[in-house]
Amino acid sequence: MRSLLFVPGDSERKLAKGLASGADCLLIDLEDSVALDNKDTARAVTAAFLAANVKTASRPRLYVRVNALDTGLTDGDLDAVMAGAPDGIMLPKSISGRDVQHLDAKLAVREAECGLADGATRILVVATETAASLFNLGSYQDASPRLEGLTWGGEDLSADIGALANRDASGAYTDPYRLARSLCLFGAAAAGVMPIDSVFTGFRDMEGLRTEALDALRDGFTAKMAIHPAQVPVINAVFTPSEEEVARAERIIEAFRAAGDPGVVGLDGEMLDRPHLRRAEKVIARARMAAAPAP
């Protein structure tokens, strides 16, 4: 996945637009974008949407962002949507790997009740929305085989710590949020799952989005979330390796293979070691993911 687009779970119109957006994944939202008195409607609309689209041959991945575990709403969300066999669940405001284990257990029960394969439902985690969560980014390793990715967020975090803003006058994140972003990246790498960059809220500023996405790609993120369909093409373009990048990566991999998989090889007058090989392999993996059909 390169692009993950948030869509309110109570809007049939926006869900339909999401399907046509080109996003690799729709994050159907039952949490922040849905008012408390509209939760039941959102559950019903989301369940109907899943039932109508989950078996479609060409579609984005369909994940549902449920309400946080401490709200008392999570079980009702899962009861409403799991019969529709979503590809995954996004867990917001996670504090540690224990929350993933808790969600894993809830999913296992509902998979059995709905006749779904055990472990079929994947988990994405928003891992930095509270101050407490920042101290636990290393706890997701081996938390659950369902865990597919970690992402971070600055909006709820700013509210939790009482900040007046999370970006400076130039539009760059301030230090607390840069720390959260880095810890999320390290936590995802340690857990062996996708590091997913947060949303860019200026949905009309495509150049700002592209710059932030390029920075994320440079640092090691492999995908980015979106809040508007117009952001999807920019994100997909940034996180899809170019033909030149793929060709270079293939030549590096072949050079190591042809030399008997040594520690160092020479290519085009440059000495390349194992980290170069690992980066080349990741480029090929990203290219294959970008070309992969929907489930």
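Bear in mind the structure is a predicted one, so any value in this text is a computation, not a measurement.
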Student: Would you list the atom pairs, donor with acceptor, under 3.5 Å between side chains in residues 175-191 and any protein atom, with sequence neighbours excluded?
Tutor:
residue: R181; atom: NH1; partner: D219; partner atom: OD2; Å: 3.0
residue: R181; atom: NH2; partner: D219; partner atom: OD2; Å: 3.0
residue: S182; atom: OG; partner: R178; partner atom: O; Å: 3.1

Student: With side chains defined as the heavy atoms from C-beta onward, is the minimum distance between V45 and S11 less than 4.5 Å?
Tutor: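 Counting from C-beta outward, V45 and S11 never come under 4.5 Å.
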Student: Is any side-chain heavy atom of L30 less than 4.5 Å from a side-chain heavy atom of V81?
Tutor: yes
Student: Quick one: salt bridge (charged side-chain N to carboxylate O under 4.0 Å, His left out) partners of R65, sequence neighbours excluded?
Tutor: D29, E31
Student: For I28 versus G9, what's the shortest heavy-atom pair and its separation?
Tutor: CG2-CA, 3.8 Å
Student: Please report the closest heavy-atom contact between P60 and A23, naming both atoms and the distance.
Tutor: CB-O, 3.2 Å
Student: Would you call D156 and K93 a salt bridge, using N to O less than 4.0 angstrom?
Tutor: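 Result for this pair is yes, salt bridge flagged.
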Student: Will you find, in the side chains of S96 and N136, an N or O donor that is under 3.5 Å from an N or O acceptor?
Tutor: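 Looking only at side-chain atoms, N136 and S96 do not form any donor-acceptor pair under 3.5 Å.
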Student: Supply the atom-to-atom distance I196 CD1 to K224 NZ, rounded to the nearest 0.5 angstrom.
Tutor: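 Answer rounded to 0.5 Å: 11.5 Å.
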Student: Are Y140 and V66 in one and the same hydrophobic cluster, where Ile, Leu, Val, Met, Phe, Trp and Tyr link if side-chain heavy atoms are under 4.5 Å apart?
Tutor: yes
Student: Nearest heavy-atom pair of L15 and P8: which atoms, and what distance?
Tutor: CG-O, 3.9 Å
Student: Between D268 and R248, is there a side-chain N and carboxylate O pair less than 4.0 Å apart?
Tutor: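 A salt bridge is present here (some side-chain N lies under 4.0 Å from a carboxylate O).
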Student: Any heavy-atom pair between the side chains of I95 and T130 that's under 4.5 Å?
Tutor: yes
Student: Return yes if some donor-acceptor pair links the side-chain N/O of R286 with the main-chain N/O of M1 below 3.5 Å, else return no.
Tutor: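 Side chain of R286 to backbone of M1: no pair is present.
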Student: Decide whether V193 and F239 are clustered together by the hydrophobic rule: side chain heavy atoms of Ile, Leu, Val, Met, Phe, Trp, Tyr closer than 4.5 Å, transitively.
Tutor: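 Shared cluster, no.
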Student: As an exercise, state the distance from CE of M206 to CD1 of I235, rounded to the nearest 0.5 Å.
Tutor: 9.0 Å
Student: Could you check whether D79 pairs with K106 (Lys NZ or Arg NE/NH1/NH2 to Asp/Glu carboxylate O, under 4.0 Å)?
Tutor: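 K106 and D79: not salt-bridged.
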Student: Measure the CE-CG distance between M90 and L4 for me, rounded to the nearest 0.5 Å.
Tutor: 6.5 Å
Student: Quick one: do L19 and T56 satisfy side-chain contact (heavy atoms from CB on, under 4.5 Å)? Show the steps, please.
Tutor: CA-CA 11 Å; L19 280 178; T56 303; over 6 Å; no
Student: Output the rest of the hydrophobic cluster of F135: all Ile, Leu, Val, Met, Phe, Trp and Tyr residues reachable through side-chain heavy-atom contacts under 4.5 Å, sorted by chain and number.
Tutor: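 None; F135 is a cluster of one.
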Student: Go through it in stages, so that I can follow the logic: the residues are L103 and L78, the test is side-chain contact (heavy atoms from CB on, under 4.5 Å), and I'd like the CA-CA distance, side-chain angles, deciding distance and then a yes or no.
Tutor: CA-CA 10 Å; L103 178 59; L78 295 175; 4.0 Å; yes
Student: Just checking, is any N or O donor in the side chain of S3 or N236 under 3.5 Å from an acceptor N or O on the other one?
Tutor: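 Yes, because at least one side-chain N or O of S3 sits under 3.5 Å from a partner of the opposite role on N236.
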Student: Step through the shown structure and confirm whether more than 12 heavy atoms of other residues, nucleotides or ligands are within 6.0 Å of CZ on R251.
Tutor: no
Student: Find the distance between CG (D40) and CG (D77) and round it off to the nearest 0.5 Å.
Tutor: 9.5 Å
Student: Can you check side-chain contact (heavy atoms from CB on, under 4.5 Å) on L217 and R2, steps first, answer last?
Tutor: CA-CA 10 Å; L217 175 66; R2 301 159 297 174; over 6 Å; no
Student: Any chance you could measure I252, atom CD1, to L272, atom CG, to the nearest 0.5 Å?
Tutor: 5.5 Å
Student: Would you check if T151 and V125 make a side-chain contact, meaning some heavy-atom pair closer than 4.5 Å?
Tutor: no
Student: Identify, with sequence neighbours excluded, every residue that meets ring pair (Phe, Tyr, Trp, His ring centres under 6.0 Å) alongside F256.
Tutor: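 So F256 forms no ring pair (Phe, Tyr, Trp, His ring centres under 6.0 Å) with any residue.
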Student: Decide if atom CD of E270 counts as having more than 12 heavy atoms of other residues, nucleotides or ligands within a radius under 6.0 Å.
Tutor: yes
Student: Which heavy atom of V283 sits nearest to which heavy atom of E245, and what is that distance?
Tutor: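 Residues V283 and E245, closest heavy atoms: CG1-O, 3.9 Å.
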Student: Taking all heavy atoms of A68 and all of T74, pick out the closest pair and write down the distance.
Tutor: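 Distance-wise, the nearest heavy atoms are O-OG1, 2.9 Å.
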Student: How about E155 and T201: do any of their side-chain heavy atoms sit closer than 4.5 Å?
Tutor: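 They are in side-chain contact.
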Student: Please check if the number of heavy atoms outside K39 that lie under 6.0 Å from its NZ is greater than 12.
Tutor: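 Yes, enclosed.
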Student: Would you call D273 and R278 a salt bridge, using N to O less than 4.0 angstrom?
Tutor: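 Looking at D273 and R278, the cut-off is not met.
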Student: Give a yes or no on whether a salt bridge exists between R61 and D24, defined as a side-chain N under 4.0 angstrom from a carboxylate O.
Tutor: no
Student: Run the salt bridge (Lys or Arg N to Asp or Glu O under 4.0 Å) check on D205 and R210 step by step: do they pass?
Tutor: CA-CA 9 Å; D205 181 6; R210 183 175 183 276; over 6 Å; no
Student: Do V7 and F49 come close enough that some side-chain heavy atom pair is under 4.5 Å?
Tutor: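 Answer no - side chains too far apart.
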Student: Can you check whether E212 reaches D197 side chain to side chain, under 4.5 Å on heavy atoms?
Tutor: yes
Student: Is there any ring-ring contact (aromatic ring centres under 6.0 Å, His included) pair reaching into residues 198-218, and which pairs are they, with sequence neighbours excluded?
Tutor: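 For residues 198-218: F203-H228.
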Student: A quick test of your reading: do over 12 heavy atoms of other residues, nucleotides or ligands sit less than 6.0 Å from CD of E254?
Tutor: yes
Student: So how far is it from L150 CG to L91 CG, rounded to the nearest 0.5 Å?
Tutor: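 Reported to 0.5 Å precision, the distance equals 10.5 Å.
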Student: Are L36 and L73 packed together at the side-chain level, in the sense that at least one heavy-atom pair is separated by less than 4.5 angstrom?
Tutor: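 Touching, per the 4.5 Å side-chain cut-off.
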Student: Should I89 and L69 be counted in the same cluster of Ile, Leu, Val, Met, Phe, Trp and Tyr side chains packed under 4.5 Å apart?
Tutor: yes
Student: Would you name the heavy atoms of V64 and L50 that are closest together and state the gap between them?
Tutor: CG2-CD1, 4.2 Å
Student: Within a reach of under 6.0 Å around CZ of R218, are more than 12 heavy atoms found that belong to other residues, nucleotides or ligands?
Tutor: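 Counting neighbours around CZ of R218, more than 12 heavy atoms of other residues, nucleotides or ligands fall under 6.0 Å, so yes.
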Student: What's the verdict on side-chain contact (heavy atoms from CB on, under 4.5 Å) for D87 and R122, showing C-alpha distance, side-chain angles and the deciding distance?
Tutor: CA-CA 6 Å; D87 297 304; R122 309 293 284 168; 6.0 Å; no
Student: Checking H276 now: which residues fulfil ring pair (Phe, Tyr, Trp, His ring centres under 6.0 Å) with it, not counting sequence neighbours?
Tutor: none
